Each structure stands twice: as C-alpha cells, then as structure tokens.
Amino acid sequence: MGNSQQLFTDAELEEYQDCTFFTRKEILHVYKRFSQLSPENTAAGGPSTHLTYDEVAVMPELMENPFKRRICEVFSDFGGGELTFDNFLDLFSVFSEGAPRDVKAAYAFKIYDFDNDGWLGRHDIGCTIRCLTGEDQLTQREIDDVVNKVLEESDLDADGRLSFVEFEHVISRAPDFINTFHIRI
C-alpha cells in the first residue's frame, strides 16, 4: 500500500476525505482495489486511469448485483459505465456504511431512473422489475400488473410517475433499505 500513498499528496487525500464518507486508510484501500482491476493501466496512468465497465463488473462486490450496469452508468462521467478513480471512489462511498440515508436514496433514485428524465415512470419501474426478477421471468402482462400496483400505492399525486419526494416516501417505509443499499469493500 506504500505505492498508493505516494500517488496522492496529503492535500489530495484530505480533499477525498472531505468529499466522501471514507477515512484516509479506506481511500487508499479503495485505490488498491481500483488498481487491481487493471494493473497494467493503473501502473501507467495512476488515479487518472479509466476502467471499462467490463473491468469493474467482475468485482465480487458487483458481480451478482442485477443493477451493476446501471450503477456504473450513474457514477460514470461518460455515462457508459467507464469509471475514473474519482467515480469509483464516489460509487463505493455512496454504498458505504457511513453514507447517510438521504444520499443513498438520491442515488437509488438515479439508478432506477433508466431514462434519466428525473422521474420514475412506467418504463423505469418495468426495467427495475426486470432487473430484480431476471429478463424473461415475468410476462409483459405480469410486469404491467406490478407497475400498476407500485404506482397505485406510491404515486401520491396520481400523475403516472414517481417524483423523488414520492420515492423517498416509499424508501422511508422500508427499514431494510439502508442495509441493502450497501457494498462492503
């Protein structure tokens, strides 16, 4: 880990601490994980290296997550799932035990907002259901029924979509949310 220490100045590590929910030691550990995913690229480029979605998706922490592509897209500056170290650190900070519920809720909303329009509409909820159940496990009719039920119970203003406030209201009634929106690194 001595090499990781030399890659960052004290000021950079302090800035990372200010912008994340990690300690200095945890930041260096996250960098070590980042560099292990593509040793040849990170040796040449250090923290400015970009990892492809395919390099990140093989991490045991993400491998089985049905939202892994969407998670990488949301945290990517480029939208395609390619991650810089800053993106990678943000991702694991939001999913850390130290991140507060409101930060986790904001990112969960972004992850479920597949069309990036700032709302969870029928399409977004359907995509979420497909991710959770597997692509071909439910018929379109069954998915539509679940979408209708979700909107019936959660769409407080009856506009056919969920706002972030309505989503937060749903999350507030889910005591396990904070524990399930977590990745240990």
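Just so you know, these numbers come straight off a predicted model, no measurement behind them. Throughout, residue positions are numbered sequentially from 1 according to the sequence presented.
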Name of the residue among E97, E61, E26 meeting salt bridge (Lys or Arg N to Asp or Glu O under 4.0 Å) with R184: E97
Quick one: closest heavy-atom pair of [X] and [Y], and the distance?
{"X": "S154", "Y": "R173", "value": "OG-NH2, 4.5 Å"}
{"X": "R130", "Y": "I143", "value": "CG-CD1, 3.7 Å"}
{"X": "V147", "Y": "G126", "value": "CG2-N, 3.8 Å"}
{"X": "C131", "Y": "P66", "value": "O-CB, 3.1 Å"}
{"X": "V56", "Y": "C72", "value": "CG1-SG, 3.7 Å"}
{"X": "G121", "Y": "R161", "value": "CA-CB, 4.0 Å"}

Quick check on the hydrophobic clustering: are [X] and [Y] connected, directly or via other members, by side-chain heavy-atom contacts under 4.5 Å?
{"X": "I178", "Y": "L91", "value": "no"}
{"X": "L89", "Y": "L62", "value": "yes"}
{"X": "I125", "Y": "L132", "value": "yes"}
{"X": "V103", "Y": "V30", "value": "yes"}

Is the side chain of [X] donor-acceptor paired with the backbone N or O of [Y] at a distance under 3.5 Å, no angle test?
{"X": "R70", "Y": "D113", "value": "yes"}
{"X": "D115", "Y": "D124", "value": "no"}
{"X": "D155", "Y": "L162", "value": "no"}
{"X": "S76", "Y": "E82", "value": "yes"}
{"X": "Q137", "Y": "G134", "value": "no"}
{"X": "E142", "Y": "T139", "value": "yes"}
{"X": "E166", "Y": "D157", "value": "yes"}
{"X": "R101", "Y": "I171", "value": "yes"}
{"X": "K104", "Y": "F181", "value": "yes"}
{"X": "S93", "Y": "F21", "value": "yes"}

Any salt bridge linking R122 with D144? Criterion: basic side-chain nitrogen under 4.0 Å from a carboxylate oxygen.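 Judged by the 4.0 Å cut-off on N to carboxylate O distance, R122 and D144 do not form a salt bridge.
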Has E64 got more than 12 heavy atoms of other residues, nucleotides or ligands less than 6.0 Å from its CD? no
Between atom [atom1] of [X] and atom [atom2] of [Y], what is the distance when rounded to the nearest 0.5 Å?
{"X": "F114", "Y": "E73", "atom1": "CZ", "atom2": "CD", "answer": "8.5 Å"}
{"X": "L13", "Y": "I27", "atom1": "CG", "atom2": "CD1", "answer": "6.0 Å"}
{"X": "C127", "Y": "I129", "atom1": "SG", "atom2": "CD1", "answer": "9.5 Å"}
{"X": "R141", "Y": "D145", "atom1": "CZ", "atom2": "CG", "answer": "4.5 Å"}
{"X": "F8", "Y": "R24", "atom1": "CZ", "atom2": "CZ", "answer": "11.0 Å"}
{"X": "L120", "Y": "I111", "atom1": "CG", "atom2": "CD1", "answer": "11.5 Å"}

Only one of F85, Y31, F22 passes ring pair (Phe, Tyr, Trp, His ring centres under 6.0 Å) with Y16; say which it is.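 With Y16 as partner, ring pair (Phe, Tyr, Trp, His ring centres under 6.0 Å) holds for just one option, F85.
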Positive for ring pair (Phe, Tyr, Trp, His ring centres under 6.0 Å) with F164, one of Y107, F109, Y112: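 Only one option passes, and that is F109.
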Under 30°, 30 to 60°, or over 60°: which ring-plane class applies to F75 and F95, parallel, tilted or perpendicular?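 Answer is tilted, since the angle falls between 30° and 60°.
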Using side-chain contact (heavy atoms from CB on, under 4.5 Å), reason through F34 and T49 one step at a time and then give a plain yes or no. CA-CA 9 Å; F34 177 80; T49 300; 4.3 Å; yes
When you check the side-chain N and O atoms of [X] and [Y], is any donor under 3.5 Å from an acceptor?
{"X": "S38", "Y": "E55", "answer": "yes"}
{"X": "T84", "Y": "N87", "answer": "yes"}
{"X": "E152", "Y": "N148", "answer": "no"}

Less than 4.5 Å apart, side chain to side chain, heavy atoms only: is that true for M59 and R33?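 Contact flag for M59/R33 side chains = yes.
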Would you mind reporting whether L83 and Y53 have side-chain heavy atoms less than 4.5 Å apart?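 SC-SC contact between Y53 and L83 ruled out.
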